[in-house]
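Down below is the structure, laid out as structure tokens.
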Amino acid sequence: MTVCVMVKVSEGLVLAADSATVISGRVGNEPGILKTYEHSRKLSHIKDYPVGTLAWGTALIGSRSVESLIKEYEYGLPSLLEEQEKIKEKRSRGEEIKPFEYSVKEIAAGLLEHIQDYYEAEFADLEVSKRPFLGILVAGFSSGRFFPEHWLFELPHGTALKDVRPDREGKPDFGAHWYGLTDAIVRLHWGRDDHAVDILAKHFKVSTEEINNLLMPLQYVVPFAGMPLQDAIDYAVYLVNVAIGRYRFVIGAPLCGGEVDVAVITPNNFTWVKRKTWKAI
């Protein structure tokens with residue numbers, strides 16, 4: 001399982017994720033957790049573009065990891081650096097040539113198509129309601145744009161791309177999003193528990209929206225506008241560790257855990273702040 005966090009501030013974008021992967025199956029006659037690994041990669045860099053992905057939900061599609069499918073997709077993309085070098089060479093010879101252009105949305109659409117082909121083939125015999133959930137966020141900077149884009153798709157619920165934090169009236173909307181096992185983050189940031197909201201709504205026969213509005217003053221206010229990029233990094237790691245700590249100390253299987261991978265994306269760069277490396281014990 002997974003916890004992923006995206007933080008968007010004026011200086012750039014931060015992506016962070018834990019490393020736990022859970023293999024489920026049947027233990028005797030009952031469904032259960034067969035194994036938890038702590039070295040999965042849920043944060044990926046797309047080729048040499050200032051674009052990254054976060055993935056949560058199922059870690060496997062058949063015998064393929066989600067990360068391997070992402071890497072297979074990026075393998076077929078042209079190299080941004082190579083295309084830029086080609087343009088420089090042609091311009092040095094006096095040739096007129098258009099700049100190499102790309103968009104985060106186009107990359108996200110291509111990745112969706114690539115993964116969906118494997119997903120549909122693997123789970124064709126299962127009813128849609130019984131297929132495993134997979135969410136992927138593709139975030140980064142399109143060519144010629146100073147502020148980032150962030151496109152989300154979820155399988156099997158739909159194949160449409162969703163802009164999770166669109167600009168408002170032409171101005172960037174700064175803030176944070178979290179995905180996966182986020183109940184501890186919701187309790188901390190929003191000052192509520194979604195399950196408790198459902199209980200209260202049924203007991204008092206009111207809508208969950210009314211309960212949420214009553215609890216709104218409990219939300220912690222974080223001033224993302226003006227937040228330096230280093231503080232955005234610290235905030236993203238803090239939230240991931242909140243979820244990891246919840247699963248470390250509360251009764252139950254450790255569904256989140258392992259090292260925290262962190263990346264920063266700015267208009268022309270993807271920088272690993274912290275990344276797991278292969279090593280021998």
Side-chain angles (χ1 to χ4, degrees), residues 1-4 15-49 51-79 107-139 151-161 179-182 240 243-244 247 252-261 263 270 272 275-281:
M1 304 297 282
T2 306
V3 59
C4 296
L15 304 180
D18 77 317
S19 301
T21 292
V22 173
I23 307 298
S24 300
R26 302 196 72 82
V27 182
N29 294 323
E30 299 294 328
I33 295 173
L34 302 179
K35 188 68 179 176
T36 298
Y37 291 108
E38 291 192 343
H39 299 91
S40 181
R41 291 180 176 174
K42 292 90 173 283
L43 198 171
S44 296
H45 180 199
I46 296 293
K47 202 88 174 190
D48 50 6
Y49 295 80
V51 179
T53 66
L54 291 171
W56 60 97
T58 184
L60 298 173
I61 299 178
S63 60
R64 297 285 303 278
S65 70
V66 172
E67 183 195 22
S68 76
L69 291 172
I70 293 173
K71 293 303 179 187
E72 183 180 36
Y73 166 69
E74 74 167 42
Y75 185 78
L77 293 174
S79 167
I107 291 173
L111 179 60
L112 168 58
E113 181 179 1
H114 177 73
I115 289 184
Q116 190 178 13
D117 287 343
Y118 282 89
Y119 186 94
E120 294 293 339
E122 182 64 30
F123 303 118
D125 295 334
L126 290 179
E127 297 177 16
V128 173
S129 61
K130 294 181 179 179
R131 295 178 182 180
F133 173 84
L134 172 62
I136 294 182
L137 177 74
V138 182
W151 297 93
L152 168 71
F153 62 87
E154 297 175 322
L155 299 173
H157 303 309
T159 59
L161 292 172
Y179 306 96
L181 299 173
T182 60
V240 172
I244 289 174
Y247 282 97
L255 303 182
C256 293
E259 297 181 51
V260 180
D261 287 333
F270 181 104
W272 286 105
R275 188 190 191 195
K276 291 183 296 296
T277 57
W278 291 296
K279 53 184 178 289
I281 297 175

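The analysis underlying the following values was restricted to heavy atoms, covering all of them including side chains, and did not include hydrogens, waters or symmetry mates. Everything quoted here is computed from the prediction, not taken from an experiment.
Taking all atoms of both residues into account, the shortest heavy-atom contact from G180 to W56 is N-CD1, 3.8 Å. Here the closest heavy-atom approach between residue A16 and residue V260 is recorded as CB-CG1, 4.4 Å. Across E67 and S44, no two heavy atoms sit closer than the pair CG-OG, 4.0 Å. Annotation for P254 and T36: closest pair O-CG2, 3.4 Å, computed over non-hydrogen atoms. Of all heavy-atom pairs between G52 and F270, the closest is CA-CE1, 3.8 Å. Considering every non-hydrogen atom in both C4 and A55, the closest pair reads SG-O, 3.6 Å.
Within 6.0 Å of the CD atom in E113, the count of heavy atoms belonging to other residues, nucleotides or ligands does not exceed 12. Atom CZ of F133 is surrounded by more than 12 heavy atoms from other residues, nucleotides or ligands within 6.0 Å.
Counting only heavy atoms from C-beta outward, the side chains of L54 and T2 never approach each other to under 4.5 Å. Within the 4.5 Å cutoff, no side-chain heavy atoms of H45 are placed close to those of E74. Contact annotation: the side chain of Y73 approaches that of I107 to within less than 4.5 Å [non-hydrogen atoms, C-beta and beyond]. A heavy-atom distance below 4.5 Å is found between the side chains of I33 and L255.
Rounded to the nearest 0.5 Å, atoms CG (L69) and CG (L134) are 9.0 Å apart. Residue F153 holds its CZ atom at 4.5 Å from CD1 of I115, rounded to the nearest 0.5 Å. One distance of note links CD of E154 with CG of L161; it measures 11.5 Å at 0.5 Å rounding. Y118 OH to I61 CD1: the interatomic distance, rounded to the nearest 0.5 Å, is 10.0 Å. Once rounded to the nearest 0.5 Å, the distance linking CZ of R41 with OG1 of T21 reads 12.0 Å.
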* L112 and L155: side-chain contact (heavy atoms from CB on, under 4.5 Å), yes or no, with the steps? -> CA-CA 9 Å; L112 168 58; L155 299 173; 4.2 Å; yes
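The salt bridge (Lys or Arg N to Asp or Glu O under 4.0 Å) test applied to K279 returns E259, not counting sequence neighbours.
Ion pairing of D261 with K42 is absent here, as no side-chain N (NZ or NE/NH1/NH2) approaches a carboxylate O to less than 4.0 Å. With respect to the salt-bridge test (charged N to carboxylate O, under 4.0 angstrom), the residues E72 and R64 qualify.
In this structure, the side chain of Y119 engages the main chain of P132 through a donor-acceptor pair within 3.5 Å. Within the 3.5 Å criterion, the main-chain N or O of F123 finds a donor-acceptor partner in the side chain of R131.
Applying side chain to side chain contact (heavy atoms under 4.5 Å, CB included) to L43 and the options L15, D18, L137 leaves one that passes, L15.
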